[in-house]
Number of protein chains: 2
Amino acid sequence: MTKILIAEDDDHTRDALREVLTMEGYEVIAASDGLQAVDFFRAENPDFVCLDVMMPGLNGYEVCKQIRRQDEKVPILFLTAKAEEIDTVLGLELGADDYMTKPFGVKEIIARIRAILRRTASRGGGRADDDFTMDDLRIVPTELRAYRDKTEIQLSPRDVKVLRLLSERRGKVIDRNTLADEVWGVDYFPESRALDQHISQLRKRIEKDPAQPRIIRTVHGAGYRFE
Amino acid sequence: MTKILIAEDDDHTRDALREVLTMEGYEVIAASDGLQAVDFFRAENPDFVCLDVMMPGLNGYEVCKQIRRQDEKVPILFLTAKAEEIDTVLGLELGADDYMTKPFGVKEIIARIRAILRRTASRGGGRADDDFTMDDLRIVPTELRAYRDKTEIQLSPRDVKVLRLLSERRGKVIDRNTLADEVWGVDYFPESRALDQHISQLRKRIEKDPAQPRIIRTVHGAGYRFE
DNA sequence: TCTAAATTTTATAAAATCCATAAAAAGAAC
DNA sequence: GTTCTTTTTATGGATTTTATAAAATTTAGA
């Protein structure tokens, strides 16, 4: 189970986060100040860290440095009350993976954590940038390429996102909304056919017979599936 | 049509939002203060709420709490004039889905609203999509499939709805009106035979002997039943 | 700035499915 | 058994959804 360390001095926020993340199926360790956070990190070796910037004693930046001294890979998400603090987070080159300004919605933070974990899983021992296979295709995200035997297929970053999403939930139907959300994000217009087009183009390149796709299958009225 | 409730005391902003969102094809209800917003919410039951934080009388946070008391799912987007305003309240507790700081661009807010609606439409659709069994059939909603031993049976989203409804109230007779309401929605013609047609087609696929249905049984003059 | 590649829009085609109709079958009432 | 009502199902046109080609636009590099 994915273990998440939260460092947040405000009791309310901390409890809310703990509850929400536990509900989501994560194991949560919660620290109420920076020193405790560093201790907990050493003891528990979590897969993900959520750091409030403003904390008594050791602040979030300091905690981040301490953690990075020990583990340069674990994903770190900063929580800040003020947008201006973001600049500091970015400027210090602390190796933060993302940041959020308060207040944040439950869904928002869950989505971010999931996204970061997916993105960075390779560093933490998972496999987001790791190669994966779909049917007889070997996808190598770091090269933005796929291989079928020795033949190379060029892929765009977006291609990789689509394929990874389908691959991660093989057998499950990925509906168009989810695909739009995860791959295109906020700037996707529902009446656009960009998604179809992209799938179509991608199939042309990766499927042996694009008319009979084996990798990206259509589930009419629902979305796409791979298995 | 998707109904959006706006609560915003500034006339100019409110009118602009109303116009823009109407142009986008949403039905807009606009309140100019918090009390009115709560009233309108009760009366209109909108699909989305846009709340200004600073409002005379009841502020946005209070309105949010009131709304959440009544509906814990409806997506809520906060509008704030200053980032610092946010600091005082934790979005987590209020169950806000997102927030924006003014001034915001038209495109930006539309994109956000669309994205939130997209997310909440596909995920928080409400009902759990856990697997369930009916007779010797195992239905897996996330895959839009059912399994009998190892053989797969493809299901449409509508098939799953029908089956889930029957399964949830096993033993009870589901009358045609209920079925039509729950599965087809408000706009269904009572004299239509579409429902029969659908049941017939579904039986062909899921029943071993469609002439002697064991999963979807007819209760003449009443509806259908599963047990 | 120019060029090439990637992406999106537009337009049209193709596919899947939905549903109205009508005829047949089954059940209920008498 | 006859008649009336309800349900089933075959058929084909309508509608919705998805696919693809071509053009337009945007993006990234040189």
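Proteins come first, then strands; the chains are lettered A, B, ... in the order of their sequence lines, and each starts at number 1.
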Original post:
Who are the side-chain hydrogen bond (donor to acceptor under 3.5 Å, both in side chains) partners of D175(B), not counting sequence neighbours?
Top reply: T178(B)
Original post:
With sequence neighbours excluded, what pairs up with W184(B) under the ring-ring contact (aromatic ring centres under 6.0 Å, His included) test?
Top reply: H198(B)
Subject >> Residues in contact with DNA chain C, drawn from residues 219-227 of chain A - heavy-atom cutoff 4.0 Å >> reply: H220(A)
Original post:
In chain order, what residues pass the side-chain hydrogen bond (donor to acceptor under 3.5 Å, both in side chains) check against Q201(A), with sequence neighbours excluded?
Top reply: Q197(A)
Original post:
Over its full length, what angle do the end axes of the helix from dT1(C)-dA30(D) to dC30(C)-dG1(D) make, each axis taken from five pairs and the result rounded to 10 degrees?
Top reply: 40°
Subject >> Partners passing side-chain hydrogen bond (donor to acceptor under 3.5 Å, both in side chains) against S156(B) (at least two apart in sequence or in another chain) >> reply: D159(B)
**OP:** Kindly write out the residues that satisfy salt bridge (Lys or Arg N to Asp or Glu O under 4.0 Å) with K172(B), not counting sequence neighbours, or none if the list is empty.
**Re:** none
Using residues 212-227 of chain A as the side-chain source, report each donor-acceptor pair under 3.5 Å to any protein atom, sequence neighbours left out, with the distance given to one decimal.
from, atom 1, to, atom 2, distance (Å)
R214(A), NE, D135(A), OD2, 3.4
R214(A), NH2, D135(A), OD1, 3.0
T218(A), OG1, R203(A), NH2, 2.8
R225(A), NH1, G171(A), O, 3.3
R225(A), NH1, E143(B), O, 2.5
R225(A), NH2, Q154(B), OE1, 3.0
E227(A), OE1, R145(B), NH1, 2.9
E227(A), OE1, R145(B), NH2, 3.2
E227(A), OE2, R145(B), NH1, 2.8

Subject >> Side chain of R193(B) (C-beta onward), nearest among dC18(C), dT9(D), dA11(C) >> reply: dT9(D)
Original post:
Got a donor-acceptor contact below 3.5 angstrom from the R118(B) side chain to the Y188(A) backbone?
Top reply: yes
**OP:** Please identify each residue that fulfils side-chain hydrogen bond (donor to acceptor under 3.5 Å, both in side chains) with R169(B), with sequence neighbours left out.
**Re:** none
**OP:** For R138(B), enumerate each residue passing the salt bridge (Lys or Arg N to Asp or Glu O under 4.0 Å) test, keeping only those at least two apart in sequence or located in another chain.
**Re:** D131(B)
Original post:
For E24(A), what residues pass the salt bridge (Lys or Arg N to Asp or Glu O under 4.0 Å) criterion, not counting sequence neighbours?
Top reply: R114(A)
Subject >> Contact pattern, 5' to 3', of nucleotides 21-30 of chain D - B, S or - by protein heavy atom under 4.0 Å >> reply: BB--------
Original post:
Of the candidate nucleotides dA20(C), dT8(C), dT7(D), which contains the atom at the shortest distance from the side chain of R158(A)?
Top reply: dT8(C)
